[in-house]
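Throughout, numbering of the chain's residues begins at 1 and tracks the sequence.
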Amino acid sequence: MRYRILTCLLLCVFASNLARAECDCLWQGSFTDVEATADLVVSGSINSAKGNSVDLGIDRLLRGETSHPDIRVWLKTGDYCRPEPAAFPSGSEWVMALFRIREDVAGGFNPHTPNISYGRVGDYFLSSCGGYWLARDGNWVTGNLVQAPRWVREPKMTPVLLDLVADFIAGKVDASALAEASKEDPAVRELMLDTRAFLREGD
């Protein structure tokens, strides 16, 4: 009986320490600074979440290769420098710059808690040490996109077209074009969009 109580206490202490563990990393920069270092850059939506992982349905492949329309992305647990899973609820839309998990990590997987782990080889993880993700709303994105303050996840900015971000990733425009777009007056942009819609209807 005492052994069981002691085991339970030790497990509680371990779980508590694990939950409080913090990562330690240097800020790597905004999305425009870090996306080129990632293995895969995609636009998609969260299909489901379990433990510290989410299943991301890919709507658009922006850079890299994958044969799967859905991929598993592993997020924070313990002291891994990754964002909290709660920030990525089912149905939410994102642009993510992801790193492929290429090898097992010692102590990274516990068969008793398969949904809480470092991640499986072949899956992906999302780093929190830079602007590795952008929130997406349809065809528009916001977040630490370009020249934004360190560690600020939602800087004040005008939403930028996903197509423009895709052009940056493809090398068709430079970061200054994104910076300029993120500073546009929202009222002027809405007027331009309304004008284009009006002209299309006239045709």
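Between V95 and L62, some side-chain heavy-atom pair lies under the 4.5 Å cut-off. Considering only heavy atoms from C-beta on, D39 comes within 4.5 Å of R102 through its side chain. Residues I71 and L98 meet the side-chain proximity criterion, which asks for heavy atoms closer than 4.5 Å. Between Q28 and D33 there is no side-chain heavy-atom pair separated by less than 4.5 Å. Within the 4.5 Å cutoff, side-chain heavy atoms of R72 are placed close to those of S53. Side chains of Y80 and Y118 form a contact here, defined as non-hydrogen atoms less than 4.5 Å apart. Counting heavy atoms from C-beta outward, R120 and W74 have side chains that approach closer than 4.5 Å. Contact annotation: the side chain of L75 never approaches that of F125 to less than 4.5 Å [non-hydrogen atoms, C-beta and beyond].
Of all heavy-atom pairs between A49 and S90, the closest is N-OG, 3.9 Å. What you find for A179 and Q147 is that their closest heavy atoms are CB-OE1, 4.0 Å. The two residues I169 and R63 have their closest heavy-atom pair at CG2-CB, 3.8 Å.
Residues in residues 27-73 take part in no disulfide bond (SG atoms under 2.5 Å apart) pair, two or more places apart or across chains. Contacts classified as disulfide bond (SG atoms under 2.5 Å apart) and involving residues 101-149 (residues at least two apart or in different chains) are given here: C25-C129.
Remark: side-chain polar atoms of N139 are not paired, donor with acceptor, to backbone N or O of L161 under 3.5 angstrom. T66 contributes a side-chain N or O that, together with a main-chain N or O of H68, makes up a donor-acceptor pair within less than 3.5 Å. A donor-acceptor distance shorter than 3.5 angstrom exists from the side chain of N52 to the backbone of S117, with no hydrogens or angles considered.
Partner of L56 under the side-chain contact (heavy atoms from CB on, under 4.5 Å) criterion, out of N47, L126, V42: V42 alone.
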Derivation of the side-chain contact (heavy atoms from CB on, under 4.5 Å) call for D123 and V73: CA-CA 6 Å; D123 288 343; V73 180; over 6 Å; no
Derivation and outcome, ring pair (Phe, Tyr, Trp, His ring centres under 6.0 Å), residues F31 and Y132: CA-CA 6 Å; F31 181 84; Y132 289 95; 8.5 Å; no
Chi angles and distances behind the side chain to side chain donor-acceptor pair (under 3.5 Å) call for W94, S92: CA-CA 7 Å; W94 305 92; S92 58; 2.7 Å; yes
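Counted within 6.0 Å of CZ on R150, heavy atoms from surrounding residues, nucleotides or ligands total 12 or fewer; the atom is thus considered open. Annotation for D24: atom CG does not count as buried by contact number, only 12 or fewer foreign heavy atoms lying within 6.0 Å.
R82 pairs by the salt bridge (charged side-chain N to carboxylate O under 4.0 Å, His left out) definition with nothing, not counting sequence neighbours.
The pair R136-D59 meets the salt-bridge criterion, with a side-chain N (NZ, NE, NH1 or NH2) lying under 4.0 Å from an Asp/Glu carboxylate O.
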